[in-house]
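Below: one structure, written as structure tokens.
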Amino acid sequence: MKKLISTYYSPFAFNLAMFILRVGSGVLMIPYGFDKLVHFSQYKAGFMNFAGIGPTLSLALVIFAEFFCSVFLIMGLFTRVVAGILLFEMGVVVFEAHHLDIFMGKAEHGMQYLIGYIAIILLGPGKASLDGILGK
């Protein structure tokens, strides 16, 4: 009974949890970026013009974040950098695109990703990553 309420965790459990969080977040984000990549011309007409850079460049940056950064996140390569890029993108989604409608609204999923990316940035990739293997 004492073990069930213990706050101790093993390094293996920590690294496994970080692997699951990192890979799970990346795998679940890829379809969003892939859909935008495949249907680029359909999305760019009505896409948000973030910071006045134009809808085409805004969409290209979102595709970079959601697809390519997610691939790096899955591999665990440059983990904190790509999680920072994804965190910024989710911040724009939650605060700018969906106006902080986080409770059963359109920004709910973005907020969940945002929280996961914060955890990844704070805790790092874990040893089961290319960053962990390379010693970064």
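For clarity, every value in this text was computed on a predicted model and none was experimentally measured.
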Within the side chain of Asn49, is there an N or O that forms a donor-acceptor pair under 3.5 Å with the backbone of Ile53?
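Yes; at least one donor-acceptor contact below 3.5 Å.
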Does Asn15 use its side chain to pair, donor to acceptor, with the backbone of Pro11 at less than 3.5 Å?
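Flag set: sc Asn15 to bb Pro11 pair under 3.5 Å.
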Other residues, nucleotides, ligands: >12 heavy atoms within 6.0 Å of [X] [atom1]:
X: Phe14; atom1: CZ; result: yes
X: Phe72; atom1: CZ; result: no
X: Phe34; atom1: CZ; result: no
X: Tyr43; atom1: OH; result: yes

Of the non-hydrogen atoms in [X] and [Y], which two are nearest, and what is the gap between them?
X: Tyr117; Y: Ala83; answer: CB-O, 3.9 Å
X: Met48; Y: Ala97; answer: SD-CB, 3.9 Å
X: Gly26; Y: Ser70; answer: O-CB, 3.6 Å
X: Leu73; Y: Ser25; answer: CD2-CB, 4.2 Å
X: Arg22; Y: Ser129; answer: NH2-CB, 3.5 Å
X: Ile120; Y: Met18; answer: CA-CE, 4.0 Å

Mind checking the [atom1]-[atom2] spacing from [X] to [Y]? Nearest 0.5 Å is all I need.
X: Asp35; Y: Gln42; atom1: CG; atom2: CD; value: 8.5 Å
X: Phe40; Y: Ile63; atom1: CZ; atom2: CD1; value: 5.5 Å
X: Ile118; Y: Leu86; atom1: CD1; atom2: CG; value: 12.5 Å
X: Ile115; Y: Leu87; atom1: CD1; atom2: CG; value: 10.5 Å
X: Ser10; Y: Leu16; atom1: OG; atom2: CG; value: 9.0 Å
X: Ile30; Y: Cys69; atom1: CD1; atom2: SG; value: 11.0 Å

Hphob cluster co-occupancy, [X] + [Y], side-chain heavy atoms under 4.5 angstrom:
X: Val71; Y: Phe78; answer: yes
X: Phe68; Y: Leu61; answer: no
X: Leu57; Y: Val92; answer: no
X: Met29; Y: Val23; answer: yes

Any non-hydrogen side-chain atom of Phe50 less than 4.5 Å from a side-chain atom of Val62?
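Side-chain contact under 4.5 Å: no.
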Side-chain heavy-atom pair Lys36, Phe67 within 4.5 angstrom cut-off
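No, their side chains stay 4.5 Å or more apart.
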Over 60° means perpendicular and under 30° means parallel, so tell me whether Tyr113 and Tyr32 are parallel, tilted or perpendicular.
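Geometry flag for Tyr32 against Tyr113: perpendicular rings.
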For Met90 and Glu66, run side chain to side chain contact (heavy atoms under 4.5 Å, CB included): C-alpha distance rounded to whole Å, both residues' side-chain angles, the deciding distance at 0.1 Å, then the answer.
CA-CA 9 Å; Met90 284 297 112; Glu66 291 181 355; 4.2 Å; yes
